[in-house]
Amino acid sequence: MLTCKDITLAVAGRRFCQGVGITVLPGEVWGVLGPNGSGKTTLLHTLAGLAAPAAGVVTIDGQPLMQMDGLARARAAGILPQHDEAEFWGTALEYVSLGCFPNAPAWRGWRGGDEAATIDALQQAGVAALAERRYASLSGGERQRVRFAQLLAQAPRYLLLDEPLQHLDLRYQIHMLERLAALTRGGDDQRAVVMVLHDVLWPTRYCTHALLLDGAGTGRSGRASEMLTRENLQALFGCALQPAGDKPEAGFVPAL
Amino acid sequence: MRALIVLAAGAGASLLSLLLALTFGSVPLSLSDVLAGLWGVSAGVPHDIIWQLRLPRAFAAFACGGLLALAGVLLQALLRNALADSYILGVSGGASLGALGAITLGLGVAAGNAAALTGALAAIAVVFGVTFRGGKGNEWNVYRLLLSGVVLSAGFAALTSLILVIAPSAQVKGMLFWLMGDLSYADSPLAACALLMLLTAGSLAIAARLDLLALGDGKARSLGVDVTVLQLMIFFGAAAATVAAVMLGGTIGFVGLMMPHAVRLMGVTRHRLLLPAAVLAGGSFLTLADTCARTLMAPQQLPVGIFTALIGVPCMLYLLTRRA
């Protein structure tokens, strides 16, 4: 159970997510939506334990995130950041194997990560054919899939993804969303997903819950079917929308 | 498998370079003289030359090169910058200023060493003090670290130039040797060898964490690395290696920057292999360069820094073209 209680986030003097409280359970897929600069990335960093909230507390199974041992936290929550902080010099295989670090046994990761887990993650992300390519030589979409594979190799219980669909072609957008959905099903090894999404087509189809962050520093959360309505999304983005199909979960597209 | 090949090549190069360093010099010895002097006859001129002159010098060169390469690998990982080398923290500048100041004042060797050490430690203290903000949520900004090291080096360079300009011309030559790097006075390498082994072993223990640092501080932290502790270990480990190397041979250039890249260009990226390979490469490279510096114009000794550049630049250019 990943819980935010009455948090407030602050970056460079601006306040976000004031008073937001959410509880993410295994099996759930949360979509975080909101206009640019509404604090989505900051929230995800806070959920990953990379930043402390200005007020309130984030806990996993009752344990405050900022007090957890780094490796235990890495096994509980893993993040796919919006972009790479640094240039990576090695191959895609090496990049993905780094994700195994928190799961390695004693002599931690000295063997360079679990080979089986690395290959499995590459296959799940559909990038096994890129394994020996230099990471820097990959296209934007290929890189995004390799980055996703690294998160799969980490195999945290809570997957936090910041704009996971960026750079992906339509086929791989669906592929990634299906992989994430599959991770949240599966019996006693259920995972949970919290992802920042930027479109109004996919959330209704794949999210069980949604957190809508407005530009004013507050947010509302609830079941996807109640939150992701045409009225709410139109108000959130300030654009006219129309349903993309007849079914209620079909999603929306910008109105003609 | 590739790891074995790389390490075997490194060990072979190390042995070869040490053997060459024992064989060549102002007094020519044959290979059988060297082997006899090492293991057999315990008296005679070859024995004394080898045990009292060439062996300490060869090991000093090897340790110095290994330390510089080790510091280069560590700092390139810390700063995530391909241009980082062992001197990026201003250590060499501080040591140079101290050493040249001592020469100007006519102080002896011991006082000169103390002054160089003081200068090096002062540089480390300033760079650390200016940039490090401890505590949770306070990241150590490595770009500030890099910039402050560069700025400090510029300041030291200016003061060093000032000393060179105003010093009596009789002293300038000794100063230039110091600045170019020179192993003529390196006759007790034991401490440096021990430090090299200690730091290499310590770095190997954190090799996986060094790999993760390449992903960036945030991602490394999200994967369970205590980044601040790791940064401190790297900073002080690299600083200790550089100080020891500078105290042994002055500011020998090129090794700390280029040896890690030379190993990387052979396809080695993981630190668990990169670290020992770079140490062996740096050690054998500097041993070879120092043998050249001792012998090419013997009995006149030349600053080894000239040869690290003269040998290293074409080798690196070749590796770079081959890769392209």
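Chain identifiers are assigned alphabetically (A, B, ...) following the order of the sequence lines, protein sequences preceding nucleic acid strands; residue numbering begins at 1 within each chain.
- Chosen from A:Arg73, A:Glu87, A:Gln154, the residue pairing most often with chain B at heavy-atom distances under 4.5 Å is A:Gln154.
- Nearest heavy atoms, B:Arg270 versus A:Glu94: NH2-O, 3.4 Å.
- Residue B:Ala220 does not touch chain A at all, counting heavy-atom pairs closer than 4.5 Å.
- Considering every non-hydrogen atom in both A:Ala86 and B:Ala214, the closest pair reads CB-O, 3.5 Å.
- Once rounded to the nearest 0.5 Å, the distance linking CG of B:Leu223 with CZ of A:Phe101 reads 8.0 Å.
- For the atom pair CG (B:Asp211) and CZ (A:Phe88), the distance works out to 7.5 Å, reported to the nearest 0.5 Å.
- Counting non-hydrogen atoms of other residues, nucleotides and ligands closer than 6.0 Å to CZ of A:Arg15 gives a total of 12 or fewer.
- The CG atom of A:Leu80 lies 6.0 Å from the NZ atom of B:Lys219; values are rounded to the nearest 0.5 Å.
- For chain A, the option among B:Val225, B:Asp217, B:Asp226 with the highest count of heavy-atom pairs below 4.5 Å is B:Asp217.
- At a 4.5 Å heavy-atom cutoff, the contact between A:Ala77 and chain B is made by backbone atoms alone.
- Pairing each heavy atom of B:Gly224 with each of A:Ala74, the nearest pair is N-CB, 3.6 Å.
- Take B:Phe59 and apply the ring pair (Phe, Tyr, Trp, His ring centres under 6.0 Å) test, not counting sequence neighbours, and it matches no residue.
- Taking OG1 of B:Thr269 as the reference point, atom OH of A:Tyr135 lies at 14.5 Å (rounded to 0.5 Å).
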